[in-house]
Asks: 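For reference, the structure I am asking about is given below.
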Amino acid sequence: MDITVATPREVIQQIPDGATVMIGGFGGSGAPIELVHALIDHGAKHLTVVNNNAGNGHVGLAALIEQGQVDKLICSFPRSADPTVFVEAYKANKIALEIVPQGTLAERIRCGGAGIPAFYTPTAYGTEVAEGKPVEEFEGRPYIRERWLKADYALIKGDVGDRHGNMTYRMAARNFNPIMATAAKVTIAQVSRVVDAGGIDPEHVVTPGIFVNHLVEIANPAQEEELNRAEAVYP
Amino acid sequence: MDITVATPREVIQQIPDGATVMIGGFGGSGAPIELVHALIDHGAKHLTVVNNNAGNGHVGLAALIEQGQVDKLICSFPRSADPTVFVEAYKANKIALEIVPQGTLAERIRCGGAGIPAFYTPTAYGTEVAEGKPVEEFEGRPYIRERWLKADYALIKGDVGDRHGNMTYRMAARNFNPIMATAAKVTIAQVSRVVDAGGIDPEHVVTPGIFVNHLVEIANPAQEEELNRAEAVYP
Amino acid sequence: MIDISDIKLSNAQIAWRAAQDIQDGAYVNLGIGFPEMVASYQPEGREVIFHTENGVLGFGAAPAPGEEDWDLINAGKKAITQKPGTSFFHHADSFAMVRGGHLDVAILGAYQIAQNGDLANWSTGKGGIPAVGGAMDLVQSAKRVAVVTDHITKKGDPKLVESCTMPLTGVGCVTRIYSSLAVVDIANNRFVLREKIPAISLDDLQALTGAELYTNEGVDDLICPEDLL
Amino acid sequence: MIDISDIKLSNAQIAWRAAQDIQDGAYVNLGIGFPEMVASYQPEGREVIFHTENGVLGFGAAPAPGEEDWDLINAGKKAITQKPGTSFFHHADSFAMVRGGHLDVAILGAYQIAQNGDLANWSTGKGGIPAVGGAMDLVQSAKRVAVVTDHITKKGDPKLVESCTMPLTGVGCVTRIYSSLAVVDIANNRFVLREKIPAISLDDLQALTGAELYTNEGVDDLICPEDLL
C-alpha cells in the first residue's frame with residue numbers, strides 16, 4: 001500500500017468546480033501553500049473554502065481568492081496583517097462569508113469526520129451568531145445546536161508521513177489539519193518528508209492513515225509568513 | 001508546579017461515598033489496578049463506576065464490585081473471561097447496570113470533557129438501547145440524541161507523566177484513559193515513570209496536564225491479565 | 001428437513017470466502033470470535049489494514065505463546081502485535097473512525113439477519129447479561145457491513161428471517177451474508193441469492209431460509225478450498 | 001466631564017493589576033493584543049500555564065527577533081517559544097479544553113460590558129468585516145472571565161453600561177473588570193466597585209460609568225507600580 005504521489009498537480013486536478021474544500025492552517029502556520037498554489041494552477045472555480053482565516057498578502061488562500069476561484073468562505077477570523085484581497089472581494093460582493101466561532105468551527109469539522117450530524121454548545125448563545133439556531137436547555141443552562149461540517153476535499157500540511165498516510169505535524173502547525181483530514185471525502189496531504197511504513201513510531205502518529213487519500217512530499221515547504229515578508233505574489 | 005504525590009492513598013482517600021468514578025482501561029489493558037486497589041482500601045461505597053467492562057477475576061474493578069462498593073455500573077460490555085463477581089452481584093440485584101454502545105460511551109465521555117451536553121449519533125437507532133431517547137432526522141437519516149457523561153473522579157493509567165501532568169500511554173493501554181481524564185472534576189493518574197517538565201517531547205504528549213490533578217508513580221504496575229492467570233485475589 | 005452437517009462449509013471456509021471480497025488497501029474491522037478468522041485468508045498480494053475498537057489500526061497477527069504483551073490487545077482482549085504502519089489512538093478517536101464512515105468493511109457474527117438488513121447479534125433477549133460492545137456503532141456506520149454465520153441455528157431454525165425476533169443491533173445495515181451454505185446479498189429489502197454450495201438444491205436451501213431467496217440475477221456455485229476445516 | 005488622561009492607569013498597569021489575581025498553577029488564556037500584556041507581570045514565585053487557541057499549552061515568551069519559527073505562533077499569530085512542559089494538540093482538542101471549562105481564567109478586551117455580565121468585543125456592528133475568532137468560546141466557558149479595558153472610549157463614552165448596544169460576544173459571562181480607573185466585579189446583575197484609583201472621586205467615577213456602581217461592600221485604593229507605562 002502506497003498512497004504517495006509525485007506532484008500536487010496529479011491529485012489536485014481532480015477537484016471540480018463547485019467543490020467544498022477545507023484548507024488547513026491557522027494563519028500561515030500549517031497552511032499547505034504548495035497544494036493551494038496547485039489548486040490555483042488547476043483553476044477550479046466556485047469553490048466553498050473552509051479555513052480559520054481569509055488569507056494574508058497575495059499567496060496561498062489570499063491568492064486563491066484573488067484569482068476569483070472562491071465563491072464562499074467559512075471561517076472564524078477573516079482578519080490578518082494584510083487581508084486586502086479578501087476585504088476587496090467581500091466589499092465588492094464577490095465572496096460570501098459565513099462567520100463561525102473558532103471552537104464551533106473546530107467541533108463542526110470534528111463532528112463531520114466523526115459521524116455526528118449535530119451537537120449542542122454554549123458558545124454564541126444569545127449572540128447574533130446564534131440567530132435562527134435551535135436553543136435547548138440542559139441542566140438549566142441554554143445551548144445552541146450546531147451542525148457538522150464536511151467537505152469534498154481537504155488540503156492539509158504535515159511534517160512526516162508514511163506510505164500508508166500516517167502523519168505527524170510540527171508544533172502549532174497542527175491546528176486544524178488533523179480534524180480536516182477526517183471530514184473530507186478526499187484528503188490530500190503535503191508533508192516535508194515521506195518515510196516507509198514503520199518510519200513513524202505508532203505512539204506518535206497524530207493522523208492515522210485511514211484519513212489520508214493522497215500524500216505528496218514537499219521537501220522545503222514555503223512558510224506563508226516569510227513569503228509575505230518578501231511581498232511574494234502568486235502566481 | 002508539581003502535581004505528583006507519593007502514594008495513591010493520599011489522594012484516593014478524598015473520594016466520598018456516592019461518587020461517580022470513571023476507571024480507565026479496556027479489559028485489563030490500561031486499567032489502573034493500583035489506584036482501584038487503593039479505592040478498595042479506602043472503602044468508599046455506593047459508587048457509580050464508568051468502565052468499558054465489568055471486571056475480571058478477583059482483582060481491580062471485579063474486586064471493587066466484590067467488596068460491595070459499587071451500586072451502579074455504566075459500561076458497554078460486562079462480559080469477560082471470568083466475570084463471576086459481576087454476574088453474581090447483578091443476578092442478586094446488588095448492582096445496577098446501564099449498557100451503552102462502546103462508541104456512544106466513548107463519545108459521551110469526550111463530550112463530558114468538551115462541554116457538549118448532547119449530540120446525535122446513528123448508533124443504536126431502532127434498537128432497545130434507543131428507547132425513550134429523542135430521535136431526529138438529518139439529511140434524511142435518523143439519529144438518536146445522547147447526553148454527555150461526567151464524573152467526580154477519574155482513575156487513569158499512563159506510561160510516562162511529567163510534573164505538570166502531561167502524559168503518554170503505552171500501546172492499546174491508551175483506550176478510554178485520555179478521554180476520562182477530561183471528563184472528571186478530579187483526575188488521578190498513575191504512571192510507570194514520572195519525569196521533570198520537559199521530559200516528554202511536546203509533540204508526543206497525549207494528555208496535556210490541564211486534565212490531570214494528581215499524578216503518582218507506580219513503577220512496575222500490575223497487569224490484570226497476569227494477576228488473573230495467577231488467580232490473584234484482592235485484598 | 002435435510003441434514004446439512006456433512007455438506008455445509010466450515011467456519012474457515014466461510015471466512016475464506018468473505019476474505020475474497022476485501023479489496024487491496026481496505027480498512028477492515030472484524031468482530032470478536034469467528035469473524036476474526038477472516039484475517040487468516042487474505043488473498044496474496046492484497047494489503048488489508050485492520051482496525052480494532054480499542055484504538056489500534058494496522059496491527060499484526062497474534063504473538064507466539066509466551067510473547068504476549070497485555071497492553072497490546074484487540075477488542076476480543078487477545079494479544080496482537082505491531083507491524084510497520086501501526087498507529088495507536090484513544091477510544092473517542094477510534095469510534096470517530098467507525099461512526100464517521102471511514103471503515104470500508106465490518107464483518108460480524110449474527111443471531112438473525114432480516115431481509116431488510118436488520119441484524120440481531122448482541123442479546124438473545126432471554127435474560128442473562130446484555131453486552132453490546134462496539135457492534136451497534138460498527139453496523140450502523142461502516143461502508144459495507146457483512147455477516148459470517150451458519151445458515152441455521154444449532155436447533156435448525158433459520159438465521160435468515162423475514163424480520164428479527166431477537167433484540168436488534170442495527171436496522172437495515174447488513175448488505176451481504178456469508179453463510180455455511182450460501183452467499184446472500186440484501187437489496188431492496190429482500191434476500192438475493194448470489195452463490196450456493198453445489199451440494200444443496202435451491203429448494204432445500206429455500207427450506208432452510210426464513211424468507212424468500214431471490215434468484216433471478218443468477219446463482220453461482222460457492223466453491224471454497226476443501227482443506228480449510 | 002473630568003479629564004482622566006493624566007490620572008488613568010496605563011495598559012501595563014491594568015495588566016499588572018489583572019496579573020495579581022491569577023493564582024499559582026492556573027491555566028490562563030489571554031486575548032490578542034492588550035490582554036497578552038498580563039503575561040509580563042506574573043508575581044514572582046507563581047507558575048502560570050498559558051493556553052493559546054491554536055493548540056499550545058505551556059508556551060514561553062516571544063523569541064528574540066530573527067529567532068522566530070513561524071510554525072510556533074499564538075492566536076495573535078505572533079511567534080512564541082517552547083519551554084519545559086509545553087504540549088501541542090489540534091484545534092478540536094484545544095477547544096475541548098475551552099468549552100469543557102478547563103481554563104481557570106480568560107482575560108479579554110472589551111468594547112462594552114453590561115452590568116449583567118454581557119460582553120461585546122467582537123464587532124462594532126457598523127459594517128466592516130466581522131471577526132469573532134475564539135472569543136465566543138472563551139467567554140462562555142472559562143471558569144473566570146475578566147476584562148482589561150479603558151474605563152471609557154476614546155470619545156468619552158462609558159464602556160461599563162446598563163446593557164450593551166453593540167453585538168454581544170457572550171451573555172452574563174464577565175465577573176471582573178480591570179479598567180484604567182477601577183476594579184469592578186459583576187454580581188447579581190450589578191457593578192460592584194472593589195477598587196478605584198485614589199486620584200478620582202467616587203462621583204466622578206460614577207459619572208464615567210454607564211450604570212450604578214455599588215460601593216456598600218467597601219472600596220479599596222487601586223495602587224499599581226508607577227513605573228509601568
Side-chain angles (χ1 to χ4, degrees), chain B residues 24 26-30 52-54 56 75-81 83 86-87 90-91 97 99-111 113-114 121-130 142 159 169-180 182 206-207 223-226 229, chain C residues 32 52-57 59 68-82 86-101 116 118-120 122-123 125 127-141 164 166-173:
Chain B
F26 181 86
S29 168
N52 187 64
N53 301 99
N56 202 18
C75 80
S76 90
F77 202 81
R79 283 190 207 140
S80 60
F86 172 75
V87 169
Y90 182 72
K91 292 194 169 166
L97 174 66
I99 287 282
V100 183
Q102 197 170 132
T104 299
L105 181 62
E107 192 65 17
R108 287 179 65 192
I109 294 167
R110 180 190 174 273
C111 284
T121 175
T123 299
Y125 169 75
T127 75
E128 62 186 53
V129 171
D159 186 24
Y169 299 88
R170 192 165 174 272
M171 303 193 287
R174 192 179 301 194
N175 57 65
F176 281 91
N177 286 296
I179 51 175
M180 287 180 171
T182 72
V206 175
T207 291
Q223 182 65 262
E224 185 185 281
E225 184 73 24
E226 284 163 11
R229 283 168 187 238
Chain C
I32 296 172
T52 183
E53 294 96 300
N54 54 318
V56 192
L57 201 61
F59 56 88
E68 298 92 349
D69 183 325
W70 297 109
D71 281 347
L72 185 53
I73 59 175
N74 66 12
K77 278 99 178 176
K78 295 200 195 87
I80 54 175
T81 52
Q82 294 186 45
T86 299
S87 58
F88 300 120
F89 34 86
H90 64 55
H91 247 86
D93 281 350
S94 182
F95 280 90
M97 286 177 198
V98 174
R99 200 186 311 98
N116 67 349
D118 288 358
L119 172 67
W122 77 288
S123 165
I129 294 178
V132 63
M136 287 189 180
D137 304 275
L138 285 160
V139 301
Q140 219 54 272
S141 297
C164 295
M166 293 167 128
L168 293 185
T169 307
V171 296
C173 53

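Below, read A as the first sequence line, B as the second, and so on, with proteins coming before strands; counting in each chain starts at 1.
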Asks: Checking Ser87(C) against chain B: side chain, backbone, both or neither under 4.5 Å from a heavy atom?
Replies: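 No part of Ser87(C) comes within 4.5 Å of chain B.
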Asks: Is it true that, when you exclude Lys78(C) itself, more than 12 heavy atoms of the residues, nucleotides or ligands shown sit nearer than 6.0 Å to its NZ?
Replies: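 Yes, enclosed.
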Asks: Compare all side-chain heavy atoms of Met171(B) with those of Phe59(C) and state whether any distance is below 4.5 angstrom.
Replies: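 No, their side chains stay 4.5 Å or more apart.
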Asks: Tell me, out of Thr86(C), Asp69(C), Val98(C), Thr52(C), who's got the most heavy-atom pairs with chain B below 4.5 Å.
Replies: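 Option with the top pair count is Asp69(C).
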Asks: Quick check: do Gln140(C) and Val171(C) have side-chain heavy atoms less than 4.5 Å from each other?
Replies: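 Side-chain contact under 4.5 Å: yes.
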Asks: Looking at Gly133(C), Gly134(C), Gly172(C), which has the largest count of heavy-atom pairs under 4.5 Å with chain B?
Replies: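 Highest number of heavy-atom pairs under 4.5 Å: Gly133(C).
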Asks: Hey, does His90(C) have a side-chain heavy atom less than 4.5 Å from the side chain of Asn177(B)?
Replies: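 No, too far: nothing below the 4.5 Å cut-off.
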Asks: With no hydrogens and no angle check, is any side-chain donor or acceptor of Asp118(C) less than 3.5 Å from a backbone partner on Cys164(C)?
Replies: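 Flag not set: sc Asp118(C) to bb Cys164(C) has no pair under 3.5 Å.
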Asks: State, with a plain yes or no, whether a side-chain heavy atom of Phe95(C) is found less than 4.5 Å away from one of Glu107(B).
Replies: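 Phe95(C) vs Glu107(B): side chains apart.
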Asks: Is any side-chain heavy atom of Leu105(B) closer than 4.5 Å to one of Phe176(B)?
Replies: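 In contact.
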Asks: What part of Ser80(B) gets within 4.5 angstrom of chain C, counting heavy atoms only: side chain, backbone, both, or neither?
Replies: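 Looking at Ser80(B), nothing touches chain C.
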Asks: Which atoms of Ala75(C) come close to chain B, meaning under 4.5 Å heavy atom to heavy atom: side chain ones, backbone ones, both, or neither?
Replies: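 Both the backbone and the side chain of Ala75(C) come within 4.5 Å of chain B.
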Asks: When heavy-atom pairs shorter than 4.5 Å are enumerated against chain C, which of Gly30(B), Cys75(B), Pro101(B), Ala173(B) gives the highest number?
Replies: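 Result: the option with the highest number of such pairs is Pro101(B).
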Asks: Is Asn53(B) reaching over with its side chain to a backbone N or O of Gly27(B), donor-acceptor style, under 3.5 angstrom?
Replies: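 It does hold such a pair.
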Asks: If you count heavy-atom pairs within less than 4.5 Å of chain B, which of Val56(C), Ile73(C), Asn74(C) leads?
Replies: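 Looking at each option in turn, the highest pair count goes to Ile73(C).
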Asks: Who among Asp93(C), Val139(C), Ile129(C), Leu72(C) has the most heavy-atom pairs with chain B under 4.5 Å?
Replies: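 Option with the top pair count is Ile129(C).
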Asks: Measuring heavy-atom distances to chain C, does Arg110(B) have an atom under 4.5 Å in its side chain, in its backbone, in both, or in neither?
Replies: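 Arg110(B) touches chain C through side-chain heavy atoms alone.
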Asks: Let me know if Tyr90(B) has heavy atoms under 4.5 Å from chain C in its side chain, its backbone, both or neither.
Replies: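 Only the side chain of Tyr90(B) comes within 4.5 Å of chain C.
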Asks: Who among Lys91(B), Arg108(B), Arg170(B) has the most heavy-atom pairs with chain C under 4.5 Å?
Replies: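 Among Lys91(B), Arg108(B), Arg170(B), the one with the most close pairs to chain C is Arg170(B).
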Asks: With a 4.5 angstrom heavy-atom cut-off, could you sort out which part of Leu97(B) is near chain C: side chain, backbone, both or neither?
Replies: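 Side chain of Leu97(B) only, per the 4.5 Å heavy-atom cut-off to chain C.
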Asks: Which one of Ala106(B), Ala54(B), Pro83(B), Ala130(B) has the most heavy-atom pairs closer than 4.5 Å to chain C?
Replies: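 Answer, by heavy-atom pair count under 4.5 Å with chain C: Ala106(B).
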Asks: With distance as the sole criterion, is a donor-acceptor pair present between the side chains of Asn54(C) and Gln102(B) under 3.5 Å?
Replies: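 Per modelled atom types, Asn54(C) and Gln102(B) side chains form no pair under 3.5 Å.
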Asks: Between Phe26(B) and His91(C), is the ring centroid distance below 6.0 Å?
Replies: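 Between His91(C) and Phe26(B), which both carry aromatic rings, the centre distance is below 6.0 Å.
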Asks: Relative to chain C, which segment of Val87(B) carries a heavy atom at a distance below 4.5 Å: side chain, backbone, both, or neither?
Replies: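 Answer is both: backbone and side chain atoms of Val87(B) are under 4.5 Å from chain C.
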Asks: Side chain, backbone, both or neither: which part of Gln82(C) has a non-hydrogen atom closer than 4.5 Å to chain B?
Replies: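 For Gln82(C), side-chain heavy atoms alone lie under 4.5 Å from chain B.
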